[in-house]
Amino acid sequence: MTVPDPAATPASVADAVAVQEELRSWVDLVGPGPAEPATVAGLDVAYAESGDLLAAAVTVLDARTLAVLDQAVSVGRPAFGYVPGLFAFRELPALLAALDRLTSRPELLVCDGHGFAHPRRFGLACHLGVVTGLPAIGVGKTPLIGTWAAPAAERGAWSALRDGNEVVGRVLRTRSGVKPVFVSVGHRMSLDNAVAQVLALTPRYRLPETTRTADRLCRDALAAARTAPPPERR
DNA sequence: GCGACAG
DNA sequence: ATCTTGTCGC
């Protein structure tokens with residue numbers, strides 16, 4: 001009764017911060033998580049330029065062949081303003097709705113954004129992990145917090161992402177000579193395993209195949225939604 | 001006080 | 001995130 005609904009949308013920035021402070025204790029940062037998951041899900045969201053419409057997508061891939069086995073989308077409106085550090089509240093409702101529409105249960109969630117590498121150690125990947133109870137990792141394209149040394153140029157090279165003296169994630173080179181990505185633990189995963197899974201999902205491109213397939217799906221869903229708007233409700 | 005700031 | 005043209009390179 002005293003635990004807030006982890007999927008509810010806060011009424012203010014202060015409330016949102018309080019929710020994160022409370023939910024962070026539910027995060028499992030040890031894992032180690034599945035070494036060879038059968039299925040891995042990618043989650044992403046696309047926004048209309050107007051900023052009042054979004055489409056969330058989840059794709060479930062065969063972890064071995066990287067073929068898409070299942071997918072689902074959800075169109076809606078951003079649930080919260082864009083505030084760095086409170087990003088999860090914006091996309092969470094739509095992403096959860098899409099997850100509910102899957103016909104399968106993925107063994108790992110790969111989120112487009114950070115997990116533990118967050119000001120309060122509770123980024124989107126942690127939030128999704130705690131709410132779903134599934135192992136989750138965060139893969140960000142740009143940093144939110146932390147300092148790091150440039151990893152070597154070869155694919156697989158990495159360096160620690162630190163916030164002060166604390167290691168909050170890794171800066172990982174997924175393609176030789178290409179800008180690295182920022183990997184951090186979301187839930188029920190070790191950092192080592194998170195990096196291993198990301199490398200397994202990036203045989204050719206900088207971003208995980210999971211993110212790429214989800215990105216295409218939500219973009220297509222958004223385009224379709226703009227062409228045929230959902231019925232008015234009131 | 002001044003920047004920085006996932007998507 | 002999204003808006004945008006050409007351009008360098010495998």
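Only a predicted model underlies this, so the values are computations on that prediction, with no experimental measurement involved. Worth knowing before you read on, the calculation uses all heavy atoms, side chains too, and leaves out hydrogens, waters and symmetry mates. Proteins come first, then strands; the chains are lettered A, B, ... in the order of their sequence lines, and each starts at number 1.
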Establish, for the pair Arg170(A) and Phe182(A), whether the NZ or CZ atom is under 6.0 angstrom from the six-membered ring centre and no further than 45 degrees off its axis.
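Judged by the rule, Arg170(A) and Phe182(A) form no cation-pi pair.
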
Arg121(A) charged N/C atom sitting above Phe116(A) aromatic ring, 6.0 Å / 45°
yes

With a 4.0 Å cut-off on N to O distance, would you call Asp220(A) and Arg216(A) a salt bridge?
no

Rounded to the nearest 0.5 Å, how far does CG of Leu96(A) lie from CD of Glu91(A)?
11.0 Å

Separation between CG of Leu172(A) and CG of Leu161(A), rounded to the nearest 0.5 Å:
12.0 Å

Testing the 3.5 Å rule here: is there a donor-acceptor pair between the side chains of Asp44(A) and Thr211(A)?
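No, Thr211(A) and Asp44(A) have no side-chain donor paired with an acceptor closer than 3.5 Å.
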
Categorize [X] for me: base, sugar-phosphate, or nothing, with a 4.0 angstrom heavy-atom threshold over every strand shown.
X	result
Phe87(A)	base
Leu222(A)	nothing
Ala46(A)	sugar-phosphate
Leu124(A)	base
Gly138(A)	nothing
Pro143(A)	sugar-phosphate

Flag, side chain of Ser184(A) to backbone of His114(A), donor-acceptor distance under 3.5 Å
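Side chain of Ser184(A) to backbone of His114(A): no pair is present.
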
Taking it one step at a time, do Arg175(A) and Glu154(A) satisfy salt bridge (Lys or Arg N to Asp or Glu O under 4.0 Å)?
CA-CA 7 Å; Arg175(A) 277 198 74 188; Glu154(A) 297 68 41; over 6 Å; no

Nucleotides bounding contact with chain A, strand DNA chain C, heavy-atom threshold 4.0 Å:
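Reading along DNA chain C, I get dA1(C) to dT2(C).
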
For Asp28(A) and His187(A), which heavy atoms make the closest approach, and how far apart are they?
N-ND1, 3.0 Å

With a strict under 4.0 Å distance from non-hydrogen atoms of chain A, what nucleotide opens and what nucleotide closes the contacted stretch of DNA chain B, reading 5' to 3'?
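The footprint of chain A covers dC5(B) to dG7(B).
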
Could you tell me if the ring centre of Phe87(A) sits under 6.0 Å from that of His118(A)?
no

Symbol by symbol from the 5' end, with Watson-Crick or G-U pairs under 3.5 Å, [ ] crossing and | another strand, DNA chain B is .......

For Arg24(A), does the CZ atom have more than 12 heavy-atom neighbours from other residues, nucleotides or ligands under 6.0 Å away?
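More than 12 within 6.0 Å, yes.
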
